[in-house]
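See below for the structure under consideration.
By convention in this document, chain letters (A, B, ...) are assigned in the order of the sequence lines, proteins followed by strands, and residues within each chain are numbered from 1.
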Protein chains: 2
Amino acid sequence: MKPAAVKEKLKEAGMKITPQRIAVLQALVDNHHHPSAEELIKIIRQIHPNISVGTVYQILNTLVSKKVIGKIETDDNVVRYDAIIEKHYHLYLDNKQKILDYFDDGLTEIIMNYLNRNDKLKNMNIEDVNIQIIGRSKKHQGN
Amino acid sequence: MKPAAVKEKLKEAGMKITPQRIAVLQALVDNHHHPSAEELIKIIRQIHPNISVGTVYQILNTLVSKKVIGKIETDDNVVRYDAIIEKHYHLYLDNKQKILDYFDDGLTEIIMNYLNRNDKLKNMNIEDVNIQIIGRSKKHQGN
DNA sequence: ATATATGCAAACTCTTTGCATCGTT
DNA sequence: AACGATGCAAAGAGTTTGCATATAT
């Protein structure tokens with residue numbers, strides 16, 4: 001993604017445009033592998049060797065709170081980030097080594113309809129559903 | 001749950017029966033609120049004031065690896081534990097302050113059938129699906 | 001000019017590890 | 001008696017915080 005577009009995203013979020021923020025957001029947008037903060041820092045330091053860990057965390061938190069980016073919770077207890085904020089799910093492949101995006105509004109609808117008809121849940125308003133699909137690639141299938 | 005039953009679970013898992021292990025498992029089994037390690041330590045220390053943090057973590061890890069208990073990943077980046085290992089989902093209520101169990105094999109089946117028919121996923125073997133249902137209690141509904 | 005972001009280091013939380021001691025089988 | 005579990009303290013990740021300095025608007 002072009003730097004100009006990255007800047008535009010920051011501007012839309014009402015954030016001041018700084019080189020660090022551009023670098024963080026750019027790194028995330030260009031890496032579709034749902035990097036952790038640590039991975040992002042490595043990537044960003046290739047260009048901004050002096051950026052500090054605290055700054056990156058702070059920028060990421062700000063971006064999340066402004067809904068410019070998303071957070072994914074994985075079960076290795078490390079927070080990962082996601083440049084895509086449209087509703088989508090994640091495929092955890094091959095012992096969760098690979099995390100792929102999975103867009104499927106139809107699935108959301110089916111689940112929502114099902115849940116909303118469920119008497120067991122009539123005491124709650126369902127706001128959202130998250131799904132993790134765990135599996136294994138069919139090619140080079142180990143084990 | 002009675003201590004005898006707790007011991008039985010440990011025995012079935014092939015674990016040595018120690019007072020600490022009984023205490024940890026008992027505390028988890030009796031607290032259906034998906035406690036974190038820290039919360040468990042507090043509970044356990046009411047009876048075993050001297051149990052060490054490291055021991056509790058180690059016992060929890062052993063229990064998880066022997067599939068006596070389960071782990072839940074939450075997005076506060078704290079691991080929570082679950083005495084129930086049968087397949088079930090979680091309802092995150094009221095800003096995720098409350099986590100309730102939700103059993104629904106029908107839902108699992110619907111999703112699995114749907115996913116298995118999906119061409120986009122034909123390159124993977126789907127092994128499991130996890131769902132988090134996020135919502136709000138209808139009573140005392142704030143905001 | 002003002003408000004806000006950054007850099008840095010230190011602090012904090014949660015979890016793991018190493019090793020001597022102790023308890024279960 | 002042998003093996004494995006515990007206690008303790010220290011180390012280790014990952015993340016947050018505080019404050020002086022620098023930068024964007």
Can you hop from L121(A) to V129(B) via hydrophobic side chains spaced under 4.5 Å?
yes
Can you find a side chain N or O atom of Y57(B) that sits less than 4.0 Å from OP1 or OP2 on dT16(C)?
no
Main-chain N/O of I51(B) paired to Q20(B) side chain as donor or acceptor, under 3.5 Å
no
Which of the following nucleotides, dC3(D), dT25(D), dT15(D), is nearest to the side chain of A37(A)?
dT15(D)
If I take atom NZ in residue K7(B) and atom P in nucleotide dA5(D), what distance separates them, rounded to the nearest angstrom?
17 Å
Among dT6(D), dT16(C), dT24(C), which nucleotide sits nearest the side chain of K16(B)?
dT24(C)
Under 30°, 30 to 60°, or over 60°: which ring-plane class applies to Y102(A) and Y89(A), parallel, tilted or perpendicular?
tilted
Send over the distance from R80(B) CZ to dT13(C) P, rounded to a whole Å.
16 Å
Output the rounded distance in Å from CG (N61(A)) to P (dA5(C)).
13 Å
Nearest whole Å is fine: how far is dA9(C) P from I51(A) CD1?
16 Å
Closest-nucleotide 5' rank along DNA chain C - winner of N50(A) and R21(A):
R21(A)
Given atom CD1 of I59(B) and atom P of dG4(D), what is their separation to the nearest angstrom?
16 Å
Is any side-chain N or O of Q20(B) closer than 4.0 Å to OP1 or OP2 of dG7(D)?
yes
Would you please confirm or rule out a distance under 4.0 Å between OP1 or OP2 of dG7(C) and any side-chain N or O of T55(A)?
yes
dT6(C) C1' sits how many Å from I17(A) CD1, rounded?
16 Å
L10(A) CG - dT4(C) P separation (whole Å)
16 Å
How long is the straight-line distance from CG of D101(A) back to CD of E86(A), given to the nearest 0.5 Å?
10.0 Å
Without decimals, in angstroms, what is the distance between I22(B) CD1 and dA5(D) C1'?
13 Å
Upstream residue (5' side of DNA chain C) when T18(B) and V53(A) are each assigned their closest nucleotide:
V53(A)
Name the closest nucleotide to the Q58(B) side chain, picking from dA5(D), dT15(C), dT15(D).
dA5(D)
Within one Ile-Leu-Val-Met-Phe-Trp-Tyr cluster: I47(B) and V56(B), side-chain cutoff 4.5 Å:
no
